[in-house]
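Okay, so here's the structure we're looking at.
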Amino acid sequence: MSTSVASTTLAYCQYVNPQWARLLDVLGMNVEYRRCQGIHLTTTEDIVLKDFLSGYCVHNIGHNHPRVVAALVEELERNGPAMLQSHVPQLAGELAARLCQLAGSSLSKVFFASSGSEGIEATIKFARATTGRNGLVAAKGAFHGLTCGALSLMEGSFWSEGFGPLLPDTHQVPFNDLDALETVLRSKKIAAFIVEPVQAEAGIYTPKEDYLIRAQELCRKYGTLFVLDEVQTGMFRTGPFLAFQHWKLDPDMVILAKALSGGLVPVGAVLMTETIYDSVYSSLRRAIIHTSTFGENHLAMRAGLATLDVLLEENLGQNAIERGHQLRAGLRAIAGEYEMIAEIRGIGLLCGIAFQAPHGFLLRSSFEAFRKVHPALFGQMLVRHLFLREHILTQICGNNFMVLKAAPPLNASTADIEQFLHAFANMMKSIHHSTAFWTEALNIARKAVNI
Ligand SMILES: Cc1ncc(COP(=O)(O)O)c(C=O)c1O
C-alpha cells in the first residue's frame, strides 16, 4: 500500500495539524480513502480494508448507511426550519422521546449537545445545580473528553499537561473498588460519580457483577448523583441499547454521543431524571440557562432517528452479542498459543486484547528495546502490522497502550469476524516466530524518536 503524503493532504498539513499527518506517515497509515461503506474502507488504490475501530464506536451502523444518508438528503431538501433559535425543534422532541423510551428507568428528559465532552460538561453543571455540592469523583483510567471539565475527571498528566489549573475538588478511585468510592462519598461533598459502565480507553474493563449496582446504592446513600458515560458503550454497542441495562441500573444521568447520529453529524445527549431537569431549568427565567447553538439541530436529530430505526430493525444489538461471542471465543483459542497475550476481555462488540511483556529472552530484549523508545510503540506496531499486512484498521486504547481494541460496526458478519481472527493469528505468528516484525518495528522506532 502506498502511504506517501498525497498532494490533497498538503493543505491539511499547512493549515490544520501537520503533526497528525506526520504521525500517520510514521505509522504507514497515511492513505487516502475513496469510499467508505458499511465495514469497508476502500483506498484510492482500490485496497479494501475492514474497519475494526469504527471511529472509536462512532460507526455502530457502519459507514454511510444508505438509510441515514437518504434521511439526511430528505431533511435538507425539505427546506424546513433550522437553527432559528426561536422555535420549538420538533425533531428534538421526537428523538428525545425515543431515547427515553428505549432507556427506560427514571430517565425522562434530554439535553442535546454536539459532542461527548459537551455532554460531560453539562452533567457536571447539572449535578452541581441539583445537589448544591461541587465535588466530583470518577474512575481511574477513564476517558471522558478533553474540555476542561471533562479533563478534570481524568487522572495522569498526559492529556492535561500545560493546560493550566483544572476543576478543584475532583477525585479518582480505582474502577471496581467500592471501598475507595465510599471513602470519597462519605464526605457528602460529592455532587456526582461519573463512570463508564465498561471502561473503554482504560483498556476495555468490564465491571465486577455487583459493582455498578452497589456503586449506585452508595451514591444514593450519600446523596451523590450516579452518572454513566455511555459515549462508547451506548447505542447497542454491548448488546442492549445502553450498557447499564445489563445490570438493570437506574442512573440519574447518562451521556450519549458518537454513534447517536450514525457517524454523520456531530451530536451529544444527556438523558436525565425529572428532578435534575427541574433543578436546572427551574423557572421561565432559566429556560435557556444551559444551551448549545447546534445542540438540537435538525440534521443531527434526523440522523439520530434514522440511526435508531436501523439499529432496531436490523437487530444490531443481538448481532453485537453474537459476533462478540464469536470474536472473543476465536481470540481465546489463538491466545492460548502465545505468551504475549495476557487476556481477552469485553462485552458485545467492545473487545480488548491485552498484551504483556514476553518472558523468553529474545522476545523480551526486542520488546524492551522499543518500549524504551516510546511506551506506545509496541501497540502501534500491532496496529500498523494489521493495517498494512492484513488490511484491518484497529487501534490501541488511549489510556492503555498494551490493549488492542477490536470494535467493528455492529453489523459485522460472521465472515468479517473470521477474517479478523485469521489476520490476528497471522500477526501473532510473525511476532513470536519471525524477526521481521521486530526489525521493521525498530526501523520505525528510529523514525519515531522525535515524536
Ligand atoms: C467514554 C467517552 N466519553 C467522552 C468522550 C468525549 O467525546 P467527544 O470526543 O465527542 O467530545 C469520549 C471520546 O472518545 C469517550 O470515549
Side-chain angles (χ1 to χ4, degrees), residues 17 20 51 53-60 111-127 136-156 158-160 163 166-167 170 172 175 192-207 212 226-238 242-244 251 253-271 292-295 297 300 303-304 307 346-352 393-401 403 405-407:
N17 184 352
W20 170 240
D51 185 358
L53 175 61
S54 302
Y56 297 85
C57 300
V58 166
H59 296 291
N60 286 11
F111 165 76
F112 285 109
S114 299
S115 69
S117 316
E118 229 191 299
I120 294 283
E121 299 297 325
T123 61
I124 292 173
K125 285 176 71 180
F126 294 1
L136 299 162
V137 59
K140 286 179 188 274
F143 188 95
H144 292 298
L146 301 181
T147 49
C148 279
L151 261 185
S152 309
L153 302 173
M154 286 155 49
E155 67 165 346
F158 175 74
W159 300 108
S160 54
F163 293 118
L166 299 174
L167 290 180
T170 55
Q172 281 92 26
F175 189 68
F193 173 42
I194 301 177
V195 65
E196 300 160 86
V198 177
Q199 285 198 303
E201 298 309 314
I204 318 292
Y205 285 109
T206 52
L212 292 169
F226 181 58
V227 179
L228 296 176
D229 178 344
E230 295 241 23
V231 167
Q232 290 212 34
T233 56
M235 305 303 289
F236 299 96
R237 171 59 57 186
T238 73
L242 298 173
F244 83 71
M253 285 188 272
V254 168
I255 304 113
L256 286 177
K258 295 197 188 274
L260 175 53
S261 57
L264 290 167
V265 189
V267 73
V270 176
L271 280 59
S292 170
T293 300
F294 281 92
N297 79 82
T307 300
I347 182 167
L349 275 175
L350 188 55
C351 190
L393 176 63
T394 54
Q395 243 319 332
I396 49 175
C397 291
N399 286 339
N400 190 338
F401 302 147
V403 179
K405 209 164 21 167

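Everything numeric in this text was worked out from a predicted model, so none of it was measured. Counting starts at 1 for both ligands and their atoms, in listed order.
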Among all the protein's non-hydrogen atoms, which is closest to atom 16 (O) of ligand 1, and how far away is it? Gln232 NE2, 2.8 Å
Just wondering, are more than 12 heavy atoms of other shown residues or ligands nearer than 6.0 Å to CZ in Phe294? no
Between Ile120 and Thr147, does a side chain to side chain contact (heavy atoms under 4.5 Å, CB included) hold up when you go through it step by step? CA-CA 9 Å; Ile120 294 283; Thr147 49; 5.8 Å; no
Any N/O of Asp229 closer than 3.5 Å to an N/O of ligand 1? yes
Using the rule side-chain contact (heavy atoms from CB on, under 4.5 Å), only one of Gln199, Arg237, Glu201 pairs with Gln232; which is it? Glu201
Less than 4.5 Å apart, side chain to side chain, heavy atoms only: is that true for Phe236 and Leu349? no
If we number the atoms of ligand 1 from 1 as shown, the ones under 4.0 Å from a heavy atom of Lys258 are 12 (C), 13 (C), 14 (O), 16 (O)
Going by heavy atoms in the side chains, are Phe175 and Lys140 under 4.5 Å from each other? no
So which protein heavy atom does atom 1 (C) of ligand 1 come closest to, and at what separation? Phe143 O, 3.2 Å
Report, in ascending order of atom number, the atoms of ligand 1 lying under 4.0 Å from any heavy atom of Ser115. 10 (O), 11 (O)
Students often mix this up, so state it plainly: with edges at 30° and 60°, are the rings of Phe111 and Phe126 parallel, tilted or perpendicular? perpendicular
Identify, for atom 10 (O) of ligand 1, the protein heavy atom at the shortest distance, and state residue, atom and that distance. Gly116 N, 2.8 Å
Using a 4.0 Å heavy-atom cut-off, say whether Ser117 meets ligand 1 through its side chain, its backbone, both or neither. both
Is any side-chain heavy atom of Val267 closer than 4.5 Å to one of Ser114? no
Residue, atom name and distance, where the atom is the protein heavy atom closest to atom 4 (C) of ligand 1: His144 O, 3.2 Å
Consider every N or O of Glu201 and every N or O of ligand 1, then say whether any pair is closer than 3.5 Å. no
